[in-house]
Amino acid sequence: MPGLPEPGTPAPDDISFRRNIRSFVRRTGRTTLGQAKAFADVGPRFLLPYSAASIDFSAVFQRSASTVLEIGFGMGEATAHIAALKPETNFLCCEVHTPGVGALLKRIAAMGLENIRILQHDAVEVIDHMLPPASLDGVHIFFPDPWHKKKHNKRRLIQPPLIAKLAARLKPGGYLHCATDWQPYAEQILEVLGAEPLLTNTAAADGGYAPKPDYRPLTKFENRGIKLGHGVWDLLFTRA
């Protein structure tokens with residue numbers, strides 16, 4: 001739709017973590033009129049421009065508070081729910097999919113949320129250039145694309161280079177919370193996070209997988225999967 005902000009540079013189809021890490025792949029989708037209106041009405045306040053310079057959280061959120069990074073929020077349902085539950089926490093959210101950004105902007109306006117800022121840009125570049133070491137209190141990565149086929153596993157977001165970057169940007173005691181509904185991906189995430197020396201598994205004594213924290217809601221998609229007998233795995237690690 002003309003006039004809407006464009007996502008960051010699209011990832012190539014042959015994404016490879018051995019070359020350039022990317023946090024997304026290209027997706028298509030139509031932006032609704034309501035989403036377009038949200039871009040116009042509240043976008044100027046809640047959308048942040050990408051800049052290759054360290055972000056000043058106190059300036060962009062207009063307060064000093066704990067800050068959580070979310071990578072890939074989809075349509076923003078869980079993001080808005082958690083932000084409403086935790087008004088004392090700042091949420092910096094990265095998503096390149098324009099309809100998803102518009103949907104979250106709509107939720108922000110409808111729910112009167114003040115503690116979300118959105119970067120419509122590749123999260124890896126945001127991490128590399130905008131987030132200094134030990135600057136985050138938490139990271140959320142919920143239901144990243146599992147890339148089911150084995151030959152596509154290299155395209156998965158959760159890989160050692162990204163986790164090393166995130167661990168370095170967590171404050172001591174900060175947390176990394178991942179969730180997936182694909183067991184082979186859960187097993188890979190557990191292996192990758194467990195191999196990162198800066199991280200400690202909060203559920204190491206219970207098989208590695210954590211109970212779902214109360215703040216993470218069950219989405220419609222997740223509820224549908226549970227009714228069909230699908231599992232969901234939460235992984236919660238902290239910065240040592």
Side-chain angles (χ1 to χ4, degrees), residues 15-24 52-58 61 64-73 78-79 82 86 88-95 117 119 121-147 153-180 182-213 215-216 232-240:
I15 241 177
S16 173
F17 280 80
R18 288 189 296 272
R19 292 189 296 245
N20 296 319
I21 303 173
R22 291 288 180 182
S23 65
F24 66 95
S54 293
I55 190 169
D56 182 342
F57 292 135
S58 295
F61 286 97
S64 295
S66 298
T67 300
V68 171
L69 171 70
E70 181 169 13
I71 299 176
F73 55 76
T79 305
I82 296 170
K86 295 177 170 287
E88 73 285 356
T89 301
N90 296 334
F91 292 91
L92 179 67
C93 306
C94 291
E95 174 64 64
R117 297 295 184 271
L119 269 158
H121 196 81
D122 175 28
V124 176
E125 291 191 355
V126 171
I127 295 164
D128 282 344
H129 303 296
M130 298 186 74
L131 301 179
S135 60
L136 298 172
D137 296 273
V139 177
H140 293 170
I141 307 176
F142 298 150
F143 304 101
D145 193 329
W147 291 103
N153 286 177
K154 65 184 179 182
R155 302 185 184 188
R156 289 174 174 171
L157 174 64
I158 309 297
Q159 305 279 3
L162 177 66
I163 296 307
K165 291 173 185 286
L166 290 173
R169 283 156 180 82
L170 284 172
K171 297 176 183 177
Y175 70 93
L176 172 57
H177 180 191
C178 301
T180 181
W182 183 246
Q183 185 173 0
Y185 199 7
E187 293 167 356
Q188 177 186 325
I189 295 172
L190 183 60
E191 180 180 353
V192 171
L193 270 58
E196 171 50 54
L198 291 179
L199 297 177
T200 300
N201 191 345
T202 64
D206 300 309
Y209 300 107
K212 182 185 77 66
Y215 60 77
R216 186 178 72 75
V232 176
W233 292 265
D234 284 84
L235 300 99
L236 189 60
F237 281 65
T238 57
R239 167 77 188 263

Sub-4.5 Å side-chain heavy-atom contact between Ile189 and Tyr209:
no
Return yes when atom CD of Glu191 has more than 12 non-hydrogen atoms of other residues, nucleotides or ligands closer than 6.0 Å, and no otherwise.
no
Nearest non-hydrogen partners of Tyr215 and His177, listed with the distance:
OH-ND1, 2.8 Å
With a 4.5 Å heavy-atom cut-off, do Phe57 and Leu136 have their side chains touching?
yes
Within this structure, what is the CG-OG1 distance for the pair Leu236 and Thr202, rounded to the nearest 0.5 Å?
4.0 Å
Pro146 backbone acceptor or donor facing Arg156 side chain under 3.5 Å
yes
Atom CG in Leu193, atom CG in Leu176: separation rounded to 0.5 Å?
5.0 Å
Considering only heavy atoms from C-beta outward, does the side chain of Leu162 approach that of Ile127 to under 4.5 Å?
yes
If we ignore hydrogens and angles and just use 3.5 Å, is the side chain of Ser54 paired with the main-chain N or O of Pro132 as donor and acceptor?
no
Ile158 vs Ile163 side-chain heavy atoms within contact, under 4.5 Å:
yes
How about Trp233 and Glu187: do any of their side-chain heavy atoms sit closer than 4.5 Å?
no
The side chain to side chain donor-acceptor pair (under 3.5 Å) partner of Thr79 among Glu70, Glu95, His140 is Glu70
Closest heavy-atom pair, His121 versus Cys94, reported as atoms and distance to 0.1 Å, is O-CB, 4.1 Å
Where do Leu170 and Tyr175 come nearest, in terms of heavy atoms and distance?
CD2-O, 3.5 Å
Is there a side-chain contact between Val232 and Lys212 in this structure, where contact means two heavy atoms from C-beta onward sitting under 4.5 Å apart?
no
Taking atom CG of Leu131 and atom CG of Leu119, what is their separation to the nearest 0.5 Å?
8.5 Å
Spell out, as yes or no, whether a donor-acceptor pair under 3.5 Å connects the side chain of Arg239 to the backbone of Ala167.
yes
Going by distance alone, is a donor N or O of one side chain under 3.5 Å from an acceptor N or O of the other, for Thr238 and Thr200?
no
Measure the shortest side-chain to side-chain distance between Val68 and Ile82 over non-hydrogen atoms and say whether it is less than 4.5 angstrom.
no
Which pair of heavy atoms, one from Leu190 and one from Phe237, lies closest together, and at what distance?
CD1-CZ, 4.1 Å
d(Leu235 CG, Asn201 CG) to nearest 0.5 Å is 7.0 Å
Quick one: are Pro213 and Asp234 in side-chain contact, heavy atoms under 4.5 Å?
yes
Is any side-chain N of the basic residue among Asp137 and Lys171 closer than 4.0 Å to the acidic one's carboxylate O?
yes
Could you give the distance from CD (Glu125) to CE (Met130), rounded to the nearest 0.5 Å?
11.0 Å
Any idea which heavy atoms bring Ala123 and Ile71 closest together, and the distance?
CB-CG2, 3.8 Å
Interatomic distance, CG@Leu69 vs SG@Cys93, rounded to 0.5 Å, equals 8.0 Å
